[in-house]
Q: 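Mind having a look at this structure? Questions to follow.
Below, chain A is the first sequence line, B the second, and so on; all start at residue 1. Keep in mind that what you see is a predicted model, and the values were worked out from it rather than measured.
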There are 2 protein chains.
Amino acid sequence: MGRTSDAKERLLDAAFDLIWTNSYGAVGVDQICEQAGVNKGSFYHFFPSKSDLALATFEDQWNRRRPEFDAMFSPLVPPLERLDRWCAFILGIQRTMARRFGQVCGCPFVNVGTELGTQDVRLRDKVAELFSRSQQYLESALRDAMAVALIPEGDAAGLARMIHALSLGLQVQAKVANDPELLGVLAPAIRRLLGIPSDT
Amino acid sequence: MGRTSDAKERLLDAAFDLIWTNSYGAVGVDQICEQAGVNKGSFYHFFPSKSDLALATFEDQWNRRRPEFDAMFSPLVPPLERLDRWCAFILGIQRTMARRFGQVCGCPFVNVGTELGTQDVRLRDKVAELFSRSQQYLESALRDAMAVALIPEGDAAGLARMIHALSLGLQVQAKVANDPELLGVLAPAIRRLLGIPSDT
DNA sequence: TCCAATGTGGACCGATCGGTCAAGTATTCG
DNA sequence: CGAATACTTGACCGATCGGTCCACATTGGA
């Protein structure tokens, strides 16, 4: 009962894009509303605050990306190829954003996590949660790789965290240098970390 | 001629601390002035804009830290120990900030670089420059390590970038998890990356 | 059909934002 | 001493901030 609307989705979309390409602090509620084609009254009908919108945005984006991740890390894909696909995925995203926007945007979760980490505990915790989910995919791939002796046995969770850190750091470097191609070293770097000799 | 003052230094100090522990956007000019015990008029006597202050702050901080870096990476220190000292340095800073402030603050340059990377080119370029300087220290240590065959010959610059990325990523993870001890894996991760078997 | 629930429009709020300005005070040099 | 310079003071500006409010439009279920 009551009327229906897709304003909430439009707000989630607009907010994520604007915050990703700018920053949480630099994007105003008015701006988000304008881009979403929604009035301020409606905004606060759906979300109690700007921070709540950001929170919802993150969960929403994750859910949207999840099928892609599940496919990438499918147990049917050879373990090391899963990692390669993941590297290609990240590189692809940063390339696309850089081309569309003229500027490497980096990882949206890192951006907000570092900006608001000391100010908004809920947002910080949400980013930590999303990080943990990413690492679970990596960890699972690493364990499968160990099972078939593609890499030596070891602390899969710890390794996953290292690989994840590597990717975050390279994305920061790429953003600051405004060059998505810096992410090209991600895959070889991971192989180094895993002790796999490169092909060349 | 004319009167003298240390207001500029106080502004640089206050600004760096406030921006590091919060974020660029969340800290106002008024707030910086209050913490520095300086009036707004004086602020704009020394700096043309908030963004210029941030820029000056970064250069200032680097110059202050430089002797520490030069000592850490002195050619008289064995190459691999330089890297260990660097890891300990980063861990120490994050621990101190976390204890003093109740929250891991991460790398100040990453924080601002990711927040303003798409909005303020000068700031972005400055962060890129500081990153490059850090990598030069690492690169030099790696080359020295190669010279005495502590690690296999290879692309020192590329390896330095990977190590640097690893440290940035781990700092982001530590901030978001609010646990400085996550940086404990930095040293072992670097050894892994360099292909050095761990002691254990 | 009519009502209750749901979403919309947009004016409005006090606070704060980065930045300006002009008059005044201290200091150093000639 | 006097004038040029360097710094201080604090009131002030328009714009924008996140958030509130409420009359109104639209809808689905009974």
Q: Quick one: B:N39 CG to C:dT25 P, roughly how many Å, whole number?
A: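 Atom-to-atom, B:N39 to C:dT25, this comes out as 15 Å.
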Q: Return the value, rounded to whole Å, for the distance between atom CD of A:Q31 and atom C1' of D:dT16.
A: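 To the nearest whole Å, that distance equals 11 Å.
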Q: Could you check whether any side-chain heavy atom of A:Q61 comes within less than 4.5 Å of a side-chain heavy atom of A:P108, counting everything from C-beta outward?
A: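 No. Closest side-chain heavy atoms not under 4.5 Å.
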Q: Please tell me whether A:F73 and A:V77 are part of a single hydrophobic cluster in this structure, the criterion being side-chain heavy atoms less than 4.5 Å apart.
A: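 A:F73 does not cluster with A:V77.
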Q: Looking at every strand, decide which applies to B:S5 at a 4.0 Å heavy-atom threshold: base, sugar-phosphate, or nothing.
A: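 Touches sugar-phosphate only.
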Q: When the distance from CZ of B:R10 to P of D:dC7 is rounded to whole Å, what number comes out?
A: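 It works out to 12 Å between those atoms.
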Q: Please determine, for the side chain of A:R3, which listed nucleotide (C:dG7, D:dT20, D:dC7) has the closest atom?
A: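 So the side chain of A:R3 is nearest to C:dG7.
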Q: Is any side-chain heavy atom of A:E9 closer than 4.5 Å to one of A:D13?
A: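 In short, these two side chains do not touch, never coming nearer than 4.5 Å.
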Q: Return the nearest nucleotide to the side chain of A:H45; candidates are C:dT6, C:dG19, D:dT8.
A: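 That would be C:dT6.
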Q: How would you label the contact of A:G41 with the nucleic acid (heavy atoms, under 4.0 Å): base, sugar-phosphate, or nothing?
A: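 Contact class for A:G41: base.
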Q: Between D:dG18 atom P and A:D52 atom CG, what is the distance in whole Å?
A: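 So the two atoms are 14 Å apart, to the nearest Å.
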Q: Specify the separation, in whole Å, of atom CG of B:D30 and atom P of D:dA11.
A: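 Value for this atom pair: 13 Å.
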Q: Go nucleotide by nucleotide along DNA chain C from the 5' end; which of B:V29 and B:T4 gets its closest nucleotide reached first?
A: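 The residue whose closest nucleotide sits nearer the 5' end is B:V29.
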Q: Between D:dT8 atom P and B:D6 atom CG, what is the distance in whole Å?
A: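 Atom CG in B:D6 sits about 8 Å away from atom P in D:dT8.
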Q: Rounded to the Å, how far apart are B:E34 CD and C:dC17 P?
A: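 It works out to 11 Å between those atoms.
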Q: Quickly work out the B:Q119 CD to C:dG18 C1' distance and round it to whole Å.
A: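 To the nearest whole Å, that distance equals 15 Å.
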Q: Are B:R122 and B:E59 ion-paired here, with the side-chain N under 4.0 Å from a carboxylate O?
A: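 No, no charged N to carboxylate O under 4.0 Å.
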Q: Has the side chain of A:K40 got a donor or acceptor that lies under 3.5 Å from a partner of the other kind on the base of C:dG9?
A: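 Check fails, no donor-acceptor contact within cut-off.
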Q: Is B:F43 touching bases, backbone alone, or none of the nucleic acid, heavy atoms closer than 4.0 Å?
A: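 The residue B:F43 makes no contact with any strand.
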Q: Nearest to the side chain of A:F46, heavy atoms from C-beta on, is which of C:dG18, C:dG7, D:dG19?
A: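 Within the option list, the nearest is C:dG7.
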Q: Using a cut-off of strictly less than 4.0 Å, decide whether A:Y44 has a side-chain nitrogen or oxygen near OP1 or OP2 of D:dG19.
A: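 It does, given that an N or O in the side chain of A:Y44 lies less than 4.0 Å from OP1 or OP2 of D:dG19.
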Q: Can a cation-pi geometry be assigned to B:K126 and B:F109, taking NZ or CZ under 6.0 Å from the six-membered ring centre and within 45° of the ring axis?
A: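 Output no; distance or angle outside limits.
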